[in-house]
Amino acid sequence: MIYKIVYDKNTRLRVRVGRDIFTKEEGYGLTETLSQYDFIDEVKISHKNGSILILYNDINKKEDILRILDKISKDDLFDGKANDQIISAELSDVFFFKLSKKMIQRFIFRLILPIPLKRLMLLYHASGFIYRGLDSLLSFRPDVALLDGTAVAASLYHRDYGSVGSMMFLLSLSDLLEEYTMQKTKNSLKSSLALNIDNVWKIETDDEGNEIESLCPLSEINKHDIIRIRTGSIIPVDGVITDGDGMINESSMTGESLAVHKTAGRTVHAGTVIEEGSLAIEVLSVNDETRLNKIIDMIEDSEELKAGIQSKAENLADNIVPYSLLTTALTYLITQNSVKALSVLMVDFSCAIKLTTPVSVISAMNEASNNRMMIKGGKHLEAYANADTIVFDKTGTLTNASPVLVKVIPCGEYSREDVLKISACIEEHFAHSVATAIVNKAAEEGLYHEEEHSEVEYIVAHGISTTYYGEKAIIGSRHFVEEDEGIIFTKDQENIINKNVDKYSVIYLAIGGKLQGILCIDDPVRDEAKDVISKLKELGITNIVMLTGDSENAAKTIAEELGITNYQSQVLPEDKAHIIQDIKQEGHKVIMVGDGINDSPALSAADVSVAMRNSSDIAREVADISLLSDDLYDLITLRLLSVGMIDKINNNYRHIVMFNSTLIGLGILGVISPGTSSLLHNLSTMLFGLKSTKSVLDQPDKEGLTMIDSKV
């Protein structure tokens, strides 16, 4: 690629390759190519002038970036798709273009058009407001459209053309702002529903007729391919089950939280989750052709996802309209002055309330997205602000998301290497942090393996069962191995275990009815966990609860280290959900934070649920909020953001009522004219709307988080 460096400072580099060198879609593809490098944080490309802006995080990587650009040729360009960041930027560009166009048109038309033509255009635009007002009147629907239509018609009747023009112009700007914020919301909602799956297990048949599973990029999966999806995983395609059976959570499609049992011959859809079982699926649709993506494309505005405070504001806005009309009528009857009555009519509480509340909610959701938090609806942000209790799962949430396998101890017929190899072979089929630790350790030691076992079965919160060379093989918790499967531990094995269980979490491997090895997992508490819990208490979370399947000693040690007084150990998945229901029955509003398959019942039971970055597919599916960074401080940011949103809305209410009441009073006293009243009202509505888009966060650093001016 031939280019010219036009800006180079610190970790910001801009090059220009020339006009029309690549298309808009090829620019998207080029963004994908450059963004795959870890040291490149952001890429902004303009196909119009061939500009490429690269923001990177290591000043020593500049030469590497230039070498990458040097190697890109015309043949390397491909049509890509716009990512969320690009779509958001394009929406902003379109909004500011339309805004500028409206303002320039108004200025030019007022300056150069003759008065008769200006009046004609005014009547044309006014007819739209009057038509919508008449429609509301004939439908006995006292809403904002009726009030706006009445105000426009009354001003025209009094030949107050200046007021009509100003009012319609400001209302059009309000509509433009609302359209922009709604589009941003739809984009955020699409992002939260989109699947982010890179690889799947593809089933193929070898020359001898044996089935072989291989990990394959989803992008390489085609129609009629067969893939294997197991417990806890999202189904990434539309297809038909060819083998196996499972319980499918279809809440993303139907809204029904209860899982549905499906067997061979039944249809499954992308975005649904296997709660239990293992399925071989023949692919019928993939990527943009799936039913989920068609649903996403049809999304306009989900009433169910609105914040309760937003729905209340919209109802309040329409309910105020009759009182505004009544006040206007009373003013005329008492004063017999149509000018004073028109001044009152020009002021509308509902317009500002109806605009600023959804804008505040949408702005907060967008701000959350910018802080790498995906929220599936405004109501979840509101619930997070109102919660007084937070329940943590321990493993992967309060402890590190990337535990490490530190000891492999053989206890039977197999060598250490065999124990590790067999364990990794079984665990690699499941996306869990402990499983990943075992698989990574085997890879680190070069213990690569064939599929030497039969189909694996995942037993939620217990372990995995399969057959290894004709013998039953199980791996999981001691409860699963000893109590559920009846494996008897010898005294020597007990001694080995007792020397290792105090410091580490232990996974047990049994083959042929005998314990063959233990795997010790180091899962230390996150460095920031204690500070985060302390600050959550300062922000109004009065009840901190930790739930874990670990032993009492392990749970007590961690609870004391973090300053948690309320904890429960050896908890099963169904117990977690019951515990949360009990807390809710005591009158508490509950946040549940988890990451595993076994957390999904509790996540569903909470008032609002949060999934960590490395969560299982089903946890992300069930959760209302997903954190896209591996940082517990995001829980504090989310609290500040949600409470700030509620405070902003309540402050808007107070200021709108005070300002518009003052305008009504001045209009009744005859201090201001209808034109001035209309101008000040609509201008204030716009200003309140713009104010509602402002950030509620002070961008606090993680060493000393500052509190927003709010009492939780």
Report the C-alpha separation of V608 and K379 in whole Å, then their side-chain angles, then the decisive distance to 0.1 Å, and conclude whether the side chain to side chain contact (heavy atoms under 4.5 Å, CB included) test is met.
-> CA-CA 9 Å; V608 58; K379 70 175 185 180; over 6 Å; no

F489: what forms a ring-ring contact (aromatic ring centres under 6.0 Å, His included) with it, not counting sequence neighbours?
-> Y508

What residues form a side-chain contact (heavy atoms from CB on, under 4.5 Å) with [X], not counting sequence neighbours?
X: S609; value: L603, A623, D624
X: A473; value: I426, T466, Y468, I511
X: D607; value: K584, K589, V590
X: E220; value: C216, P217

Apply side chain to side chain contact (heavy atoms under 4.5 Å, CB included) to V283 and N222, showing your working.
-> CA-CA 7 Å; V283 178; N222 300 310; over 6 Å; no

So, [X] side chain and [Y] main chain: donor-acceptor pair closer than 3.5 Å or not?
X: T263; Y: D245; answer: no
X: S423; Y: V419; answer: yes
X: R526; Y: L632; answer: no
X: N371; Y: M373; answer: no
X: Y414; Y: L420; answer: no
X: Q493; Y: L515; answer: yes

Would E561 and K530 satisfy side chain to side chain contact (heavy atoms under 4.5 Å, CB included), going step by step from the backbone distance to the final call?
-> CA-CA 8 Å; E561 182 178 347; K530 185 173 183 179; 5.8 Å; no

Testing the basics here: between [X] and [Y], what is the closest heavy-atom pair and its distance to 0.1 Å?
X: K537; Y: G563; value: NZ-O, 3.2 Å
X: G594; Y: T397; value: CA-OG1, 3.8 Å
X: P236; Y: I229; value: CD-CD1, 3.8 Å
X: A555; Y: T548; value: CB-CG2, 3.6 Å

[X] side, atom [atom1]; [Y] side, atom [atom2] - distance, nearest 0.5 Å:
X: I390; Y: R639; atom1: CD1; atom2: CZ; value: 8.5 Å
X: I558; Y: M546; atom1: CD1; atom2: CE; value: 5.5 Å
X: S233; Y: L279; atom1: OG; atom2: CG; value: 10.5 Å
X: S569; Y: K556; atom1: OG; atom2: NZ; value: 11.0 Å
X: R228; Y: S214; atom1: CZ; atom2: OG; value: 13.0 Å
X: I591; Y: F392; atom1: CD1; atom2: CZ; value: 8.5 Å

Got a sec, which residues hit side-chain hydrogen bond (donor to acceptor under 3.5 Å, both in side chains) with [X], two or more places apart in sequence or on another chain?
X: E211; result: none
X: K262; result: E250
X: E528; result: none
X: S642; result: none

Looking at [options], which hits side chain to side chain contact (heavy atoms under 4.5 Å, CB included) with [X]?
X: N566; options: I544, N543, T389; value: N543
X: L635; options: L640, L627, I533; value: L627
X: V237; options: L218, V200, L284; value: L218

Would you check if [X] and [Y] make a side-chain contact, meaning some heavy-atom pair closer than 4.5 Å?
X: R230; Y: I274; answer: no
X: I564; Y: L398; answer: yes
X: L405; Y: I521; answer: yes
X: K394; Y: Y567; answer: no
X: D484; Y: H479; answer: yes
X: V532; Y: I636; answer: yes
X: D238; Y: T267; answer: no
X: L539; Y: V643; answer: no

Presence of salt bridge, K441 and E427, under 4.0 angstrom =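 Salt bridge: no.
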
Any Lys/Arg nitrogen of E482 or R478 sitting under 4.0 Å from an Asp/Glu carboxylate oxygen of the other?
->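 Salt bridge: yes.
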
State whether the number of non-hydrogen atoms from other residues, nucleotides or ligands found under 6.0 Å of N495 atom CG is greater than 12.
->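 More than 12 within 6.0 Å, yes.
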
In chain order, what residues pass the salt bridge (charged side-chain N to carboxylate O under 4.0 Å, His left out) check against [X], with sequence neighbours excluded?
X: K472; answer: E485
X: E483; answer: none
X: E586; answer: none

